[in-house]
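Any value given below was found using the heavy atoms of this structure, including those in side chains, with hydrogens, waters and symmetry copies removed. Positions are given from 1, in the same order as the sequence printed here.
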Amino acid sequence: SGALAAGRRNLDIFGGAFIAFVTALGGGTIRDIVLGHFPIGWTQHPPYIYLVISAGLVTTLFARFMHHLKTVFLVLDALGLIAFSLIGCEVALGMHYAPVVVIMAGMITGIFGGILRDVLCNQVPVVFRQELYASVSLAVCSLYLVLRDLGLGTEANTLISFGLGLTLRHLPLPQDPQTAALLARPELDPAQQAQLLQHLDASLGQAVQAPAGAGRDRGCEPRAGGE
């Protein structure tokens with residue numbers, strides 16, 4: 001998703017690779033810093049870096065054609081969210097943190113990469129909009145802990161957590177017509193943004209000049225002689 005966001009904004013190769021890296025590994029990095037889990041995970045596993053950057057570069061090059069595979073990417077994004085959330089829980093559990101901290105660690109791992117991606121791409125993070133994203137991570141982490149405390153095996157627990165997460169992630173949310181229209185609007189490229197700003201500046205200039213002209217038309221010029 002990071003590489004797709006970079007590709008839609010016409011970022012160069014470095015920008016695409018950087019956004020992909022931050023999206024995939026940023027959440028785990030913040031989690032390790034918060035929990036005091038050192039060394040940070042990806043620094044001990046260089047193949048993660050190669051895989052993320054390679055996938056990011058390939059996706060960036062073909063980002064404009066990926067709308068044909070929208071459903072596939074939505075499913076992969078949901079799987080990534082759930083997997084990272086569960087990994088974050090396991091890291092915190094291995095460090096013997098309290099359940100609430102375990103849930104927070106899972107959520108940080110699952111959603112903070114996307115938050116960093118959206119901030120770097122200059123848009124409101126998906127987490128803060130009307131979409132089931134952070135709630136999915138919260139539900140998955142909570143269910144995983146509950147089933148673990150009930151003695152359910154790790155494999156069965158993981159499968160059930162993935163099932164719940166995929167179901168929640170793809171639930172349709174009710175939207176009012178205005179919200180739906182806003183979300184349906186395509187993003188403007190830099191040329192369109194510049195054209196829109198020029199139009200707004202021209203409109204504002206006309207609005208500022210209008211009152212002066214209107215006053216002269218009504219005979220509101222100041223009179224001589226102190227009257």
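Note: Arg31 CZ to Phe84 CZ = 9.5 Å, rounded to the nearest 0.5 Å. Taking OG of Ser161 as the start and CG of Leu86 as the end, the distance is 5.5 Å to the nearest 0.5 Å. Rounding to the nearest 0.5 Å gives a distance of 12.0 Å between CD1 of Ile87 and CD1 of Ile82. Rounding to the nearest 0.5 angstrom, the gap separating the CG atom in Leu166 from the CG atom in Leu74 is 11.5 Å. Between Glu90 atom CD and Met95 atom CE the span is 13.5 Å, to the nearest 0.5 Å.
Hydrophobic clustering keeps Leu159 apart from Leu164 (ILVMFWY residues linked when any side-chain heavy atoms are closer than 4.5 Å, directly or through intermediates). Put simply, Leu51 and Leu79 are part of two different groups of oily side chains (I, L, V, M, F, W, Y) that touch within less than 4.5 Å, one to the next. Phe128 and Ile108 end up in the same hydrophobic cluster when Ile, Leu, Val, Met, Phe, Trp and Tyr side chains are linked at under 4.5 Å.
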- Task: Could you give me the CA-CA distance, side-chain angles and deciding distance for Leu168 and Ser135, then say whether side-chain contact (heavy atoms from CB on, under 4.5 Å) is met?
- Result: CA-CA 9 Å; Leu168 293 178; Ser135 301; over 6 Å; no
- Walk me through it: do Leu116 and Thr23 pass the test side-chain contact (heavy atoms from CB on, under 4.5 Å)? CA-CA 7 Å; Leu116 294 173; Thr23 305; over 6 Å; no
- Please step through side-chain contact (heavy atoms from CB on, under 4.5 Å) for the pair Arg169 and Tyr133, ending with a clear verdict. CA-CA 7 Å; Arg169 184 67 181 91; Tyr133 204 84; 3.4 Å; yes
- Let me see the working for Ser142 and Ile103 under side-chain contact (heavy atoms from CB on, under 4.5 Å), right down to the final yes or no. CA-CA 6 Å; Ser142 300; Ile103 293 174; 3.7 Å; yes
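Residue Thr29 forms a side-chain contact (heavy atoms from CB on, under 4.5 Å) with just one option from Thr109, Ile40, Val34, and that option is Ile40. Each of Phe21, Tyr48, Tyr50 was checked for a ring-ring contact (aromatic ring centres under 6.0 Å, His included) with Trp42, and the lone residue meeting it is Phe21.
Atom CD of Gln44 is surrounded by more than 12 heavy atoms from other residues, nucleotides or ligands within 6.0 Å. The neighbour count for Phe162 CZ, taken as heavy atoms of other residues, nucleotides or ligands under 6.0 Å away, is above 12. With a 6.0 Å radius and a threshold of 12 heavy atoms from other residues, nucleotides or ligands, Phe38 has its CZ atom above the threshold.
Contact between Leu132 and Leu171 at its shortest, heavy atoms only, is CD1-CB, 3.9 Å. The nearest pair of heavy atoms linking Leu81 to Ser85 is O-OG, 2.7 Å. Of all the heavy atoms in Ile53 and Ala17, the pair that sits closest is CG2-CB, 4.0 Å. Of all heavy-atom pairs between Ile111 and Ser137, the closest is CG2-CB, 4.1 Å. The two residues Cys89 and Cys141 come nearest to each other via the heavy atoms SG-SG, 3.4 Å. A pairwise comparison of heavy atoms in Val140 and Gly165 identifies CG2-CA, 3.6 Å as the closest pair.
Checking side-chain atoms of Asp32 against main-chain N and O of Gly41 turns up a donor-acceptor pair under 3.5 Å. No donor-acceptor pair under 3.5 Å is formed between the side chain of Asn157 and the backbone N or O of Leu147. Distance alone, capped at 3.5 Å, is enough to place a donor-acceptor pair between the Tyr97 side chain and the Leu35 backbone. For Asp118 (side chain) and Val126 (main-chain N/O), a donor-acceptor pair under 3.5 Å exists by modelled atom type.
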